[in-house]
Amino acid sequence: MDYNFKEVEKKWRGRWFASDIYTAKDNDKREKKYVLVEFPYPSGSGLHVGHAFAFTGGDVYARFQRMRGYNVLFPMGWDAFGLPTENYAIKKKRKPQEVTKENTDMFRSQMKDLGFSFDWDREVNTTDPEYYKWTQWIFIKLFEKGLAYKEERPINWCPSCKIGLANEEVVDGKCERCGTQTEKRNITQWIVKITEYADRLIDGLKDTAFIEKVKAAQINWIDRKEWIDITYPVADSQESVTIATTRPDTNYGATFVVLAPEHALVNRILSGEVKTDEDLGKIKEYVVKARNKSELERQKEVTGRDKSGVFTGLYAVNHLTQAKMPIWITDFVLSTVGTGAVVGVPGHDIRDFEFAKQFGLPIIRVVVGSDGDKSEIVNKEQVQEDEGVMINSGFLDGMEIKDATTKIMDYIEEKGWGKRSVRYHLRDWIFSRQHYWGEPIPMVHCEKCGWNPVPESELPIKLPEVENYEPTDTGESPLANIEEWVKTKCPKCGGEARRETDTMPNWAGSDWYYVRYLDNKNDKAMASTEKMNYWLPVDVYIGGDEHNTLHLLYSRFIFQFLYDLGAVPIPEPYYQRISHGVILGSDNRRMSKSKGNGITPDEAAEKVSVDALRAYLMFIGPFDGTMVWNDNALMGVKRFADRLYKYFDTNYSKAGETSSHEVNAMLHRTIKQVTEGFDSFQYNTIVAKYMELLNFLEKADSKDISKQVFSDFVKLLSPIMPYMSEELWNIMGYKFSVHNQSWPIFNEEYLVTENIEIPVQINGKLKGRITVPNDAEEGAVRELILRDNTLAEYLSGADIKKIVYVKGKIANIIV
RNA sequence: GGUCGAGUGGUGGAACUGGCAGACACGUGGGACUCAAAAUCCCAUGCUAGCAAUAGCGUGAGGGUUCAAUUCCCUCCUCGACCACCA
């Protein structure tokens with residue numbers, strides 16, 4: 001009989017979702033397993049292959065763990081706020097709420113088609129007021145704890161999206177969303193003090209089992225370093241200048257000081273407060289030009305380019321050498337890093353070297369590398385940056401860089417010339433967006449009382465439904481145009497007040513969604529303590545590399561904050577983090593509509609069945625790899641699926657009561673390898689093992705194969721090929737459903753045989769194989785080798801020096 | 001420049017804790033079935049030499065440890081991902 005996959009899929013999909021086989025039971029006696037995949041942004045174009053790949057990876061794991069007896073929570077929801085929906089809604093003159101509803105309906109239906117075993121009772125949607133009520137609640141708590149403040153600061157402004165962007169959303173000086181070059185604007189924004197948690201975000205990683213690269217990405221992004229701020233007196237004046245450095249060990253080689261154009265001392269020079277003999281006009285010209293440079297120009301790769309700068313006419317005095325170091329102004333020093341002033345050590349920093357060359361400043365070598373070169377530094381290649389031994393450095397001479405750094409820091413502090421400080425690359429988090437389709441920030445401004453949160457009882461502050469929500473050119477949120485919504489009473493004094501019209505960034509809703517899955521209908525709390533105690537932490541979190549830094553960091557920060565509040569029971573939300581890979585189009589480029597190289601999971605499933613598509617996705621490569629879509633390989637998996645069904649269809653009725661030893665050994669080897677494959681996310685090898693087992697069975701005599709083999713095989717298949725497994729399970733006469741059967745148990749005994757075949761090497765080269773009893777000792781094996789005709793031939797006349805026999809594995813004869 | 005990772009047939013990729021390199025699949029060649037094609041099935045397929053048995057070579061390059069190295073150590077090369085005027 002032919003396998004009509006479309007009918008089979010339709011039949012079982014209905015059965016599955018009408019039953020409770022995928023339902024996670026709260027506070028069950030079984031051990032829990034919380035399997036989380038990143039929830040998608042429901043775009044109008046539907047589920048793409050990348051989604052199907054990532055979700056299949058989560059689904060097979062969830063199904064596997066359910067069969068192993070765990071109470072599995074595998075939920076799904078929608079990260080639905082965001083610009084594409086807003087832009088689409090504006091263009092089509094429709095409400096984003098409606099558009100979102102349509103898109104999530106489409107996504108949900110596609111997910112059901114693909115057989116994902118999500119527990120739909122727990123669905124969440126970040127745009128649902130009952131959900132964002134708690135997103136707003138979290139913001140109020142941040143404000144109350146002093147972790148959210150409003151400040152005017154230059155932000156990255158995208159002139160196309162008309163939105164302020166966090167530094168993280170600007171890539172190469174361009175808007176991450178639309179690619180337009182960003183500019184700088186001053187806007188008053190809500191800022192969240194994530195830097196307060198910088199150390200804990202590093203330390204907390206110890207309690208997780210994240211893969212190394214994820215931990216590294218987090219630590220790198222936070223980038224905690226010990227600096228020292230050194231204050232130099234300015235010669236012939238009462239002024240001083242404080243520079244910040246992480247490399248004070250090279251201070252004997254310092255020959256100049258450079259200031260950012262925004263530095264306070266620069267302002268005082270320009271205003272005449274600090275006297276200089278240099279031409280003020282010339283200084284001013286440079287500073288004005290530098291300050292007006294776009295972010296892009298200043299951020300561009302700086303080494304290897306001509307440096308620009310201007311001399312202030314002032315000198316800083318190096319405490320160590322009493323050398324007078326000329327103070328320059330240059331645009332490669334950033335006012336936002338350190339103190340906005342840097343000491344130039346041209347012998348040991350490429351930028352400083354280029355700057356010194358450009359303006360004829362002295363260059364001193366203070367670190368000697370392994371080549372022992374102590375000559376004068378004349379070219380870039382001689383600049384020794386981070387390895388070597390100190391010279392020309394007084395009491396530091398002969399020390400390694402690391403020791404010298406500690407020593408000189410102590411010394412500088414002792415002398416009162418400077419002070420250590422810890423700094424991070426991580427910056428505070430700009431939390432305001434000037435858009436409609438986001439969570440309203442639940443704050444009210446009163447002329448008398450300043451900013452206050454709305455009372456918790458008034459949450460959620462709902463987005464008003466309006467006709468026109470296009471962004472404004474003034475930079476204000478479209479909500480600012482809705483006077484009746486903006487006007488409100490001050491929660492403190494009851495007087496006239498105005499609502500905050502900015503909305504939250506996309507990250508806000510996705511920071512805590514995995515908590516809401518636990519208790520998505522709770523109107524008293526984000527989730528009940530009881531449920532959080534049972535389900536948290538997330539055991540496995542599957543997501544893309546692109547979220548390993550920001551999303552993971554932001555959500556861990558919010559969770560740690562909630563822990564401090566007592567709102568969640570443990571300090572870290574995720575135990576294990578698994579990266580899923582990427583699937584490129586068959587032309588080796590990212591799939592996209594404009595390139596026309598896209599394939600949708602729907603069309604592939606239509607062609608080869610959902611099961612074959614799923615097996616293909618798991619088979620094409622390692623789960624975290626970068627794979628190229630290959631239609632031929634897809635058809636290969638389809639052939640396997642057809643062959644599989646046909647094999648069961650024609651052979652199950654002939655199955656016997658017991659299996660031969662070989663069949664049992666093969667089955668149990670497969671059970672072992674498939675189980676280990678699921679445990680370690682090596683899905684590609686699992687599909688290969690399925691194929692091997694089928695290849696083996698097809699060649700075996702059906703009277704040697706018991707019914708047990710068939711049913712165990714179906715169980716092994718079921719996580720990856722849920723529809724066909726269910727169908728076969730049913731055909732074999734078993735009760736619904738294969739998906740809540742218990743996982744086959746590997747039994748080592750089946751692998752044990754009396755005689756085993758081992759390879760025999762002569763001088764490390766494979767020359768033959770012999771059969772030996774499994775418990776044979778070296779002497780016996782030697783006898784057997786010498787008795788073997790072909791091997792004996794190789795050995796005739798040879799002088800056997802030694803035989804190495806590794807029991808049950810290999811023999812190696814040294815002649 | 002920093003951090004992390006990877007180099008294995010024509011291709012995607014397997015290989016436990018150092019123990020038969022190339023599982024599984026794609027592709028290719030040949031064959032069966034067919035009036036023919038598609039589909040399906042069977043055989044072969046790392047490279048070189050040879051009719052063959054067989055021999056030599058072979059996991060980015062070079063060296064080392066070992067009876068034995070894709071796996072461990074040293075030196076170097078190449079590629080990828082993420083981050084980056086961070087001082």
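Remember, predicted model here, so these are calculated numbers, not experimental data. Naming: A, B, ... by sequence-line order, numbering from 1 per chain. We use all heavy atoms of the structure for the numbers below, so side chains are in, but hydrogens, waters and symmetry mates are not.
As a whole-Å value, the separation of A/Ile762 CD1 from B/G56 P is 12 Å. Atoms CZ (A/Phe681) and P (B/G13) sit 20 Å apart, rounded to a whole Å. Separating the CZ atom of A/Arg577 from the P atom of B/C82 is a distance of 15 Å, rounded to the nearest angstrom. When rounded to the nearest whole Å, the span between CD of A/Glu676 and P of B/A23 equals 20 Å. Atom CZ in A/Phe623 sits roughly 14 Å away from atom P in B/A14 (whole-Å rounding). Atom CG in A/Asn812 sits roughly 15 Å away from atom P in B/U66 (whole-Å rounding). The CD1 atom of A/Ile219 sits 18 Å away from the P atom of B/G2 (whole-angstrom rounding). Nucleotide B/C82 holds its C1' atom 17 Å from the NE2 atom of A/His551, rounded to whole Å.
The side chain of A/Arg769 lies closest to B/C20, out of B/G19, B/C20, B/A87. With distances taken from any side-chain atom of A/Lys767 to the nucleotides B/G19, B/G56, B/U3, the minimum falls on B/G56. Taking the side chain of A/Thr246 as heavy atoms from C-beta on, and the options B/A84, B/A87, B/C20, the nearest nucleotide is B/A87. In this structure, of B/A87, B/A84, B/U3, it is B/U3 that holds the atom nearest to the side chain of A/Ala216. With distances taken from any side-chain atom of A/Ile814 to the nucleotides B/A87, B/C67, B/G13, the minimum falls on B/C67.
One P atom belongs to B/A6, the other to B/C74, and the distance between them is 15 Å to the nearest Å. B/C67 and B/G5 have their C1' atoms separated by 34 Å, given to the nearest Å. Nucleotides B/C33 and B/A38 are separated by 15 Å at their P atoms, to the nearest Å. Across B/G60 and B/C41, the matching C1' atoms stand 40 Å from one another, rounded to whole Å. Here, B/U59 and B/A21 have their C1' atoms 7 Å apart, quoted to the whole Å. The gap from the P atom of B/G27 to that of B/G22 amounts to 22 Å, rounded to the nearest Å. With both ends at atom C1', the span from B/G18 to B/G64 equals 15 Å, rounded to whole Å. Nucleotides B/G30 and B/C20 are separated by 35 Å at their P atoms, to the nearest Å.
The phosphate of B/G12 has neither OP1 nor OP2 within less than 4.0 Å of any side-chain N or O from A/Asn684. For B/C20, neither phosphate oxygen OP1 nor OP2 lies less than 4.0 angstrom from any side-chain nitrogen or oxygen of A/Lys765.
Remark on RNA chain B: of its neighbouring residues A/Glu698 and A/Ala811, the 5'-side contact belongs to A/Ala811, judged by nearest-heavy-atom nucleotide. A residue-by-residue look at A/Lys802 and A/Thr626 shows that A/Thr626 has its nearest nucleotide of RNA chain B further toward the 5' end.
Across the strands present, B/G10 finds its partner in B/C26; the criterion is a Watson-Crick or G-U wobble pair with both atom distances under 3.5 angstrom. Pairing of B/G62, defined by two Watson-Crick or G-U wobble distances under 3.5 Å, is identified with B/C74. Under the Watson-Crick and G-U wobble criteria, each requiring two contacts below 3.5 Å, nucleotide B/A81 is paired to B/U3. Under the Watson-Crick or G-U wobble criterion, with both distances below 3.5 Å, B/U40 is paired with B/A32. For B/A21, there is no paired nucleotide, since no Watson-Crick or G-U wobble pair has both relevant distances below 3.5 Å. When both distances must be under 3.5 Å, the Watson-Crick or G-U wobble mate of B/A49 is B/U54.
A salt bridge links A/Glu692 with A/Lys689; the closest basic N to acidic carboxylate O contact falls under 4.0 Å. Note on A/Arg782 versus A/Glu778: no salt bridge recorded, every NZ/NE/NH1/NH2 to OD/OE distance being 4.0 Å or above. Between A/Lys607 and A/Asp631, at least one side-chain N (NZ, or NE/NH1/NH2) sits under 4.0 Å from a carboxylate O, which counts as a salt bridge.
Base orientation of B/G64: anti, since the glycosidic angle falls outside 90° of 0.
Counting any heavy atom pair closer than 4.0 Å across all strands shown, A/Lys225 reaches sugar-phosphate atoms only and no base atom. Within the 4.0 angstrom heavy-atom criterion, no nucleotide atom of any strand lies near A/Asp349.
Proximity of the aromatic rings of A/Phe256 and A/Phe355 is defined here by a centroid distance below 6.0 angstrom, and this criterion is met. Taking the six-membered ring where the residue is Trp, the centroids of A/Tyr554 and A/Trp429 are separated by under 6.0 Å.
Contact of the A/Val49 side chain with the A/Met591 side chain is registered, since non-hydrogen atoms from C-beta on lie closer than 4.5 Å. Side-chain contact between A/Met724 and A/Phe648 is absent, with no heavy-atom pair separated by less than 4.5 Å. The side-chain heavy atoms of A/Leu694 and A/Glu698, taken from C-beta on, include a pair separated by under 4.5 Å. Considering only heavy atoms from C-beta on, A/Leu634 comes within 4.5 Å of A/Val608 through its side chain.
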* Can A/Asp199 and A/Tyr424 be said to form a side chain to side chain donor-acceptor pair (under 3.5 Å), step by step? -> CA-CA 9 Å; A/Asp199 283 331; A/Tyr424 307 90; 2.8 Å; yes
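Around the NZ atom of A/Lys215, the shell of radius 6.0 Å holds more than 12 heavy atoms that belong to other residues, nucleotides or ligands. By the 6.0 Å contact criterion, CZ on A/Arg590 is open, its count of non-hydrogen atoms from other residues, nucleotides or ligands being 12 or less.
If you check residues 582-589 of chain A against RNA chain B, you find no residue with a heavy atom closer than 4.0 Å.
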* Asked: What does nucleotides 24-33 of chain B look like as a protein-contact string, B for base, S for sugar-phosphate only, - for none, at under 4.0 angstrom between heavy atoms?
  -> BSSS------
